[in-house]
Amino acid sequence: MEILKDYLSATAGKELNAEMLTFVANINQVAEQSPQVAKGIIQELVDQRSYLKLIASENYCSAAVQSAMGNLLTDKYAEGYVGNRFYAGCDNVDDIEQLACEEACRLFGAKHAYVQPHSGADANLVAFWAILRKKVQAPIMERMEKKNLLDLTTEEWNEIRAELGNQKMLGMDLFCGGHLTHGYRHNVSGQMFDAHYYYVDEKTGILDYENVRQRLHEVKPLVFLVGFSAYPRNIDYSILRQYADEVGAVMMVDMAHFAGLVAGGALSGKYNPVAYADVVTSTTHKTLRGPRGGLVLCTEEYAEYVDKGCPHVIGGPLPHVMAAKAIAFKEAGTDEFKAYAYKIIENSQALAAALLAKGIDVQTDGTDNHMILVSVDALGITGKQAEFALRECGLTLNRNTMPFDKQGPWYTSGLRFGTAAVTTLGMGVAQMEEIADIMAIVLKSLKPAMTKKGAVSKANYVLDEGIKAESIKRVRHILDGFVLYPAVDTGFFEKYF
Ligand code: PLP
């Protein structure tokens with residue numbers, strides 16, 4: 001492939017476009033090994049530029065984050081943690097990991113940070129095992145007067161294993177907005193723990209604090225897990241801390257979705273979980289706008305247990321991703337990011353208000369964060385039909401269960417979407433109103449198709465071709481004003497793939 005050479009000769013004497021040059025050099029290298037992979041990368045950029053990205057859990061990270069991630073650091077094994085490695089030659093990884101931990105602590109005002117988890121699911125497992133080792137295993141070891149697990153007899157080890165497997169967790173019900181790693185039976189968390197749930201109010205969709213307190217007193221869990229994947233309202237962590245203390249539960253908050261809003265100061269005081277929880281977990285790629293990965297923050301009490309993510313849960317960390325996390329945490333500490341965090345909420349509130357004004361059933365009548373939940377039940381369609389039709393019309397978002405959903409987790413009655421990515425592109429209230437209008441027109445026009453047996457289909461639908469064409473036109477018009485990675489000209493690659 002001569003892509004780089006061609007680019008250099010085509011741009012000789014012209015002003016340097018460093019981002020395009022870097023992109024071309026990277027694609028050139030990839031294409032020399034696999035034109036299909038190179039084509040896939042470019043096509044993904046073309047697609048992401050052609051659809052409004054409203055997936056609540058996605059974003060667009062910076063070129064600096066991507067460069068920190070795409071390099072030789074991936075070649076290094078560094079099991080252990082800073083200064084305590086099971087591999088030689090980890091000096092540079094030590095420096096990078098230390099920096100990422102310091103940046104995370106500074107950003108969130110945390111006492112301790114662990115930046116190795118490969119994902120949010122990993123971060124939760126690291127946190128669960130840190131809590132279990134500290135609260136269950138360590139006291140038994142002390143009673144047995146043993147320091148090392150390898151010194152235990154089989155009977156002693158089995159006693160510990162039985163106790164570890166006999167602990168309770170109380171988390172938000174998956175269908176009310178919790179995450180599958182919060183004790184769902186199909187996830188390992190639901191097998192590790194005797195899992196119990198709290199719920200949102202069936203009528204309002206809002207968390208019922210008294211009910212949470214009651215459930216805590218009924219269940220008396222070891223782990224009280226707060227946090228969500230699909231809940232649009234603020235949570236008062238100061239109250240939940242009091243409730244956790246009443247029953248001696250360890251309070252863990254999974255802020256995977258809204259970490260960027262905390263980092264940017266848009267969720268502060270009683271709405272900032274870091275100030276109240278024993279352990280906080282997060283992803284780094286949603287509102288936080290970093291590389292795909294996980295993060296654990298904790299008090300000093302849990303630090304030594306959290307740092308044992310390897311060997312408890314993970315093997316080697318991903319040094320290249322830790323480097324990208326260090327960059328993302330630094331970016332998230334800037335004034336520009338602070339403004340971004342507030343803007344995400346301003347946009348989601350504008351989008352929710354515009355949808356409500358058009359008669360769309362916005363759950364809880366609005367939002368306090370980056371995300372909006374909509375029920376499409378009253379429109380006579382399922383979430384699946386709505387998701388697929390909107391995608392045909394240029395809007396990418398996902399179906400989601402509503403609290404106590406009658407359609408189940410596959411078809412669902414709802415949609416979940418968010419404003420983190422479109423806000424990164426620079427969109428504002430005017431664009432949110434335009435998006436709400438397109439969405440409302442499509443949703444209201446949608447009819448379920450009939451199955452071959454004459455029943456109403458839950459999956460197939462009838463979408464008016466005129467509405468579809470008009471929506472695509474309007475979406476493209478919005479996107480033309482907010483181009484993703486504008487320095488990169490995908491047209492240049494057309495002749496190669
Ligand atoms: N926790 C919550 C609340 C989430 O929403 C998610 C992902 O959607 C996760 C954990 C898992 O993150 P990952 O997909 O990085 O494993």
Side-chain angles (χ1 to χ4, degrees), residues 53-59 61 65 69 114-131 169-184 186-190 192-193 195 197-198 200 207 223-235 237 240 251-263 267 271 273-274 277 279-297 309 313-314 317-318 321-322 324-325 328 344 367 369-373 396-401 409 412 414-418 420-421:
K53 189 197 267 209
L54 294 166
I55 303 257
S57 50
E58 291 185 10
N59 210 329
C61 66
V65 164
M69 208 175 357
Y114 182 69
V115 299
Q116 293 194 15
H118 306 167
S119 67
D122 261 18
N124 283 344
L125 276 178
V126 168
F128 293 151
W129 280 105
I131 296 167
M169 173 210 277
L170 180 69
M172 194 170 194
D173 175 57
L174 180 75
F175 300 96
C176 289
H179 189 252
L180 55 102
T181 56
H182 298 186
Y184 188 47
H186 289 287
N187 181 261
V188 66
S189 57
M192 275 168 59
F193 286 100
Y197 312 101
Y198 52 86
V200 295
L207 192 63
V223 181
F224 172 37
L225 183 40
V226 191
F228 52 81
S229 257
Y231 182 69
R233 291 298 177 182
N234 280 338
I235 290 181
Y237 300 100
L240 296 183
M251 182 169 162
M252 171 175 161
V253 177
D254 178 348
M255 62 170 184
H257 259 271
F258 56 92
L261 306 180
V262 175
L267 296 182
Y271 302 130
V274 183
V279 183
V280 174
T281 56
S282 185
T283 56
T284 48
H285 49 270
K286 302 185 203 252
T287 49
L288 195 48
R289 211 161 67 175
R292 190 160 290 284
L295 168 72
V296 184
L297 305 171
V313 173
I314 52 186
L318 309 174
V321 181
M322 294 196 291
K325 286 174 187 172
I344 290 176
T367 178
N369 58 28
H370 62 298
M371 128 186 359
I372 296 159
L373 296 176
T396 311
L397 40 65
N398 64 284
R399 64 187 183 277
N400 214 90
T401 47
T412 82
L415 295 172
R416 181 193 73 163
F417 45 95

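Just follow the structure's listing: the first ligand is 1, and inside any ligand the first atom is 1.
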**Q** Tell me, please, which residues at least two apart from F417 pass ring-ring contact (aromatic ring centres under 6.0 Å, His included).
**A**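 Partners of F417 under the ring-ring contact (aromatic ring centres under 6.0 Å, His included) test: none.
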**Q** Testing the basics here: between L295 and A123, what is the closest heavy-atom pair and its distance to 0.1 Å?
**A**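 In this case the closest contact between L295 and A123 is O-CB, 3.6 Å.
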**Q** State which residues pass ring-ring contact (aromatic ring centres under 6.0 Å, His included) with Y184; sequence neighbours excluded, sorted by chain then number.
**A**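 Listed in chain order: H186.
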**Q** Please check: side-chain N/O of S57 versus main-chain N/O of K286, any donor-acceptor pairing under 3.5 Å?
**A**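 Side chain of S57 to backbone of K286, a donor-acceptor pair under 3.5 Å: no, none is there.
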**Q** Enumerate the protein residues lying less than 4.0 Å from ligand 1, judged by heavy-atom distances, in chain and residue-number order.
**A**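 Under the 4.0 Å cut-off, ligand 1 touches S119, G120, A121, N124, H179, F228, S229, D254, A256, H257, T283, H285, K286.
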**Q** Under 4.5 Å between any side-chain heavy atoms of H257 and Y231, yes or no?
**A**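 The answer is no, as the side chains (C-beta and beyond) never meet within the 4.5 Å cut-off.
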**Q** Would you please name every residue forming a ring-ring contact (aromatic ring centres under 6.0 Å, His included) with Y114, sequence neighbours left out?
**A**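 Y114 satisfies ring-ring contact (aromatic ring centres under 6.0 Å, His included) with no residue once adjacent residues are dropped.
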